[in-house]
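Single-structure report; data block below.
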Amino acid sequence: MQDGVVKVNIPRADADSKEELKASTKKIYNEQKDRIKFAREKARKQIKKLIASDNCQKQAETAVQKIVDDAHKQMDQMLKTKEHSLKNL
């Protein structure tokens with residue numbers, strides 16, 4: 001401790017730990033994509049159950065799919081960012 005500051009040396013991550021972190025990140029990414037897929041299917045079932053008009057059902061399903069596509073784009077970008085930051089550890 002020097003001047004009220006505690007300094008801790010943290011070693012740089014080695015290749016094995018980087019690969020573990022990358023695999024863990026990819027696993028979480030895939031789990032979240034599965035959750036989105038499940039939510040989309042649940043929404044589609046609710047749409048068919050609650051909306052009688054075929055035209056309105058299609059509009060609602062299109063809106064749900066747009067939300068899903070946007071979520072996938074955000075997740076893809078987050079994964080790329082995380083993988084890039086792991087390379088720089």
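Below, each value reflects all heavy atoms present in this structure, side chains not excepted, and no hydrogens, waters or symmetry copies. The structure displayed is predicted, hence computed values, not measured ones.
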Set of salt bridge (charged side-chain N to carboxylate O under 4.0 Å, His left out) partners for D70, sequence neighbours left out: K66
With sequence neighbours excluded, residues passing side chain to side chain donor-acceptor pair (under 3.5 Å) with D69: Q65
Pairing residues for D34 by the side chain to side chain contact (heavy atoms under 4.5 Å, CB included) criterion, not counting sequence neighbours: none
Joint hydrophobic cluster, M75 plus L86, side-chain heavy atoms closer than 4.5 Å: no
From CE (M78) to CD1 (I28), nearest 0.5 Å: 10.5 Å
Qualifying residues under side chain to side chain contact (heavy atoms under 4.5 Å, CB included), relative to I67, sequence neighbours excluded: none
Any residue meeting side chain to side chain donor-acceptor pair (under 3.5 Å) with N88, in chain and number order, not counting sequence neighbours: H84
Distance (rounded to the nearest 0.5 Å) between E41 CD and I36 CD1: 13.0 Å
For R40, salt bridge (charged side-chain N to carboxylate O under 4.0 Å, His left out) partners two or more places apart: none
Same cluster (ILVMFWY, side-chain, under 4.5 Å), V68 and L79: yes
Straight-line distance of K58 NZ to S53 OG, nearest 0.5 Å: 10.0 Å
Residue list, side chain to side chain donor-acceptor pair (under 3.5 Å) with K33, at least two apart or on another chain: Y29
Any residue meeting salt bridge (charged side-chain N to carboxylate O under 4.0 Å, His left out) with E61, in chain and number order, not counting sequence neighbours: none
Sequence-distant partners of A60, side chain to side chain contact (heavy atoms under 4.5 Å, CB included), two or more places apart: I47, I51
Residues which pass side chain to side chain contact (heavy atoms under 4.5 Å, CB included) with R35, listed by chain and number, not counting sequence neighbours: Q32
Side chain to side chain donor-acceptor pair (under 3.5 Å) involving S17 - partner list, sequence neighbours excluded: D14
N/O donor-acceptor pair under 3.5 Å between S24 side chain and E20 backbone: no
Approximate separation, where rounding is to 0.5 Å, of C56 SG and L50 CG: 12.5 Å
Salt bridge (Lys or Arg N to Asp or Glu O under 4.0 Å) contacts in which one or both residues fall within residues 76-86, not counting sequence neighbours: none
